[in-house]
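A quick write-up on the structure given underneath.
First the proteins, then the strands, lettered A, B, ... as listed; each starts at 1.
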2 protein chains.
Amino acid sequence: MATAKTQDFTDDEIFLADIAKALSHPARIKIMKLLSEMNACMCGELVNLLPLAQATVSQHLKELKRVGLIQGDIDGPKVCYCVNVEMLFKVTKDFQNYFNNLNKGEKISCKTKKK
Amino acid sequence: MATAKTQDFTDDEIFLADIAKALSHPARIKIMKLLSEMNACMCGELVNLLPLAQATVSQHLKELKRVGLIQGDIDGPKVCYCVNVEMLFKVTKDFQNYFNNLNKGEKISCKTKKK
DNA sequence: TCACATTATCGTATATTTACGATGAACGAT
DNA sequence: ATCGTTCATCGTAAATATACGATAATGTGA
């Protein structure tokens, strides 16, 4: 029982974790790719391109929408999904930053450090 | 019922999703940061730096170890954790690639495309 | 050998995620 | 108005994740 525990996590940590969660399923990784390649895409097209039922795809889209990575515009009876460019840019930048900082470590192996 | 559904997901998609899952909790985002900053770190130190019980921290470390982002070397009764540099490098590269490709889209808004 | 320190694992409770069929809501076309 | 299409939501089942106390395992040092 050395020192007191730190409080909660920072907003930054929570944000990165939340985005990672949104991307933590192959279907959602793929949906982002598909939406980017096709620029914009009806929900039904996505259903055909994924090995999942319509209801399940809808759920995955909802999760991506939740964190703002995509948006869906209603177009008559259909819904046209596309990547949210601003958000994608921020996420790209933030993760690049995060990983770059991780890579900055001096790469001392555990054995080398050894107290 | 247009065309047949695609098969499974690619190894690449599964890999990215799995790494994202490993990073989908603020504690694990923070652990990576801490290990990088301190170069290497005893498990006990991490417990003090996180608002979580020892058993819970151990679980989070296990998840990061599962995907190979960190490794733990036994040092007497202690365990010295550090970032797996090779894996971190691969992950950094792969995610950079993924995001860069996403950003390549022509950014046609749904309304602009409109059939 | 006997405590002590350190960490993983077990057991368990609760919450979240994933998946799907069924249903409902909104719209276009007839 | 009714029908078919498109998509979200509901209900639900099964799996996974998160958290913690308790316990086991391992090594240090007295």
Between D:dC7 (C1') and A:K65 (NZ): distance, integer Å: 10 Å
Earlier contact from the 5' end, DNA chain C, for A:G76 and A:K21: A:K21
Atom-pair distance (NE2 on B:H60; P on D:dT16), nearest Å: 18 Å
Distance in angstrom units between A:M42 CE and C:dC27 C1', rounded: 13 Å
Closest-nucleotide ordering on DNA chain C, the 5'-leading residue of A:P77 and B:Q59: B:Q59
Close side-chain approach of A:K21 and B:K21, heavy atoms under 4.5 Å: no
N/O donor-acceptor pair, side chain B:E63 with base D:dA17, under 3.5 angstrom: no
Short side-chain N/O contact to C:dC20 OP1/OP2 from A:T56, under 4.0 Å: yes
Atom-to-atom span, CG of B:L23 to C1' of D:dA17 - whole angstrom: 15 Å
Protein-nucleotide distance (B:N48, atom CG; C:dT7, atom C1'), rounded to Å: 13 Å
B:T92 side chain to B:L88 backbone, donor-acceptor under 3.5 Å: yes
DNA chain D: 5'-proximal contact among A:C43 and B:A27 (nearest heavy atom): A:C43
Mutual orientation of the aromatic rings belonging to B:F95 and B:Y98 [parallel < 30°, tilted 30-60°, perpendicular > 60°]: perpendicular
Value in whole Å for how far the P atom of D:dC7 lies from CD1 of A:I74: 11 Å
Heavy-atom donor-acceptor pair, A:E45 side chain to A:M42 backbone, under 3.5 Å: yes
B:Q54 CD - D:dA24 C1' separation (whole Å): 12 Å
Whether B:D73 side chain and B:C80 backbone form a donor-acceptor pair below 3.5 Å: no
Nearest-neighbour nucleotide for the B:H25 side chain, D:dT9, C:dC20, D:dT18 considered: D:dT18
Nearest-neighbour nucleotide for the A:S24 side chain, C:dG21, D:dA19, C:dT18 considered: C:dT18
Helical bend (five base pairs per end, nearest 10°) for the helix from C:dT1-D:dA30 to C:dT30-D:dA1: 10°
Between D:dC7 (P) and A:K78 (NZ): distance, integer Å: 7 Å
N/O (side chain, B:Y81) to phosphate O (OP1/OP2, C:dA8) under 4.0 Å: yes
Donor-acceptor contact present, side-chain B:N103 to main-chain B:F99, <3.5 Å: yes
B:S58 vs C:dT7: side-chain N/O to OP1/OP2 distance below 4.0 Å: no
Cation-pi check, A:K65 onto A:Y81 ring (under 6.0 Å, within 45° of axis): no
